[in-house]
Amino acid sequence: NAGVMQNPRHLVRRRGQEARLRCSPMKGHSHVYWYRQLPEEGLKFMVYLQKENIIDESGMPKERFSAEFPKEGPSILRIQQVVRGDSAAYFCASSRGTGKVNTEAFFGQGTRLTVV
Amino acid sequence: GNSVTQMEGPVTLSEEAFLTINCTYTATGYPSLFWYVQYPGEGLQLLLKATKADDKGSNKGFEATYRKETTSFHLEKGSVQVSDSAVYFCALTYNQAGTALIFGKGTTLSVSS
């Protein structure tokens with residue numbers, strides 16, 4: 001049973017380009033979360049999605065950032081017109097999300113975005 | 001609002017030393033509490049958790065007890081190893097499907113032989 005798969009592991013973009021980060025949740029998981037880890041900081045929640053729905057995007061920057069989790073395929077975090085401040089590690093997590101307890105969230109290895 | 005506060009690092013210890021990493025939280029209601037570990041270049045792995053007051057989570061020699069009266073969830077290990085060198089994150093969430101985790105800033109542990 002493969003874990004949460006993120007790709008690419010490392011991504012370098014020039015200022016103004018688009019960055020596209022992919023996340024395939026664990027088999028059987030229908031809940032996906034994206035977190036951003038800035039240097040020397042903890043993880044900050046960005047967005048929570050279920051298939052074809054954005055449930056909570058309260059942590060997403062208002063501009064340039066978007067996320068989707070289509071019926072088929074991985075979840076995508078898209079950053080348009082990247083700036084140096086977007087350089088960070090982006091982690092995806094998935095969970096079953098059934099029942100009343102937020103069951104364990106499994107994390108991917110992250111995508112380290114560097115904007116040059 | 002809800003938040004998690006961890007002791008500042010880095011924490012530097014010799015092998016077989018006793019480890020404590022403090023974590024306190026602010027939350028309404030009764031959250032679940034977690035410790036995650038991040039090894040260099042890797043994603044986060046769940047280390048242990050506790051879902052209600054007085055519960056003790058334990059794994060790989062690490063322990064933490066959910067203390068509602070002091071709103072704390074301190075991580076302890078009696079004898080650390082070099083392989084325990086990593087960043088440790090305390091986190092909370094609510095017992096509700098789909099609720100995101102709120103993380104502390106992380107504490108870097110470095111263990112030397």
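Here is the naming used below: chain letters follow the sequence lines, and residue numbers restart at 1 for every chain. None of these values were measured; they are calculated from a predicted model.
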Asker: Locate the shortest heavy-atom distance separating B:Gln38 from A:Arg112; write the atom from each residue and the value.
Answerer: NE2-NH2, 4.1 Å
Asker: Does atom CD of B:Glu8 have more than 12 heavy-atom neighbours from other groups under 6.0 Å away?
Answerer: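 Counting other residues, nucleotides and ligands, CD of B:Glu8 stays at 12 neighbours or fewer.
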Asker: Heavy-atom pairs under 4.5 Å with chain B are the metric here; pick the option from A:Asp56, A:Val32, A:Val4, A:Leu43 that has the most.
Answerer: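 Top option by heavy-atom pairs under 4.5 Å: A:Leu43.
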Asker: Any chance CZ of A:Arg15 has more than 12 other-residue heavy atoms, nucleotides or ligands included, within less than 6.0 Å?
Answerer: no
Asker: Under a 4.5 Å cutoff for heavy-atom pairs, which residue among A:Phe106, A:Phe91, A:Tyr35 has the most contacts with chain B?
Answerer: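 When all of A:Phe106, A:Phe91, A:Tyr35 are compared, A:Tyr35 has the most.
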Asker: For A:Met5, is the CE atom crowded, meaning more than 12 foreign heavy atoms sit under 6.0 Å from it?
Answerer: no
Asker: At what distance, to the nearest 0.5 angstrom, does CD of A:Gln37 lie from CG of B:Leu44?
Answerer: 7.0 Å
Asker: Checking the side chain of B:Tyr36 only, and the main-chain atoms of A:Phe107 only, is there a donor and an acceptor separated by less than 3.5 Å?
Answerer: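 No, because the side chain of B:Tyr36 does not come within donor-acceptor range (under 3.5 Å) of the backbone of A:Phe107.
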Asker: Side chain, backbone, both or neither: which part of B:Gln45 has an atom under 4.5 Å from a heavy atom of chain A?
Answerer: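 Looking at B:Gln45, nothing touches chain A.
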Asker: Counting only heavy atoms not in A:Glu63, do more than 12 sit closer than 6.0 Å to its CD atom?
Answerer: no
Asker: Take atom CD in A:Gln81; do more than 12 heavy atoms of anything else shown fall under 6.0 Å from it?
Answerer: no
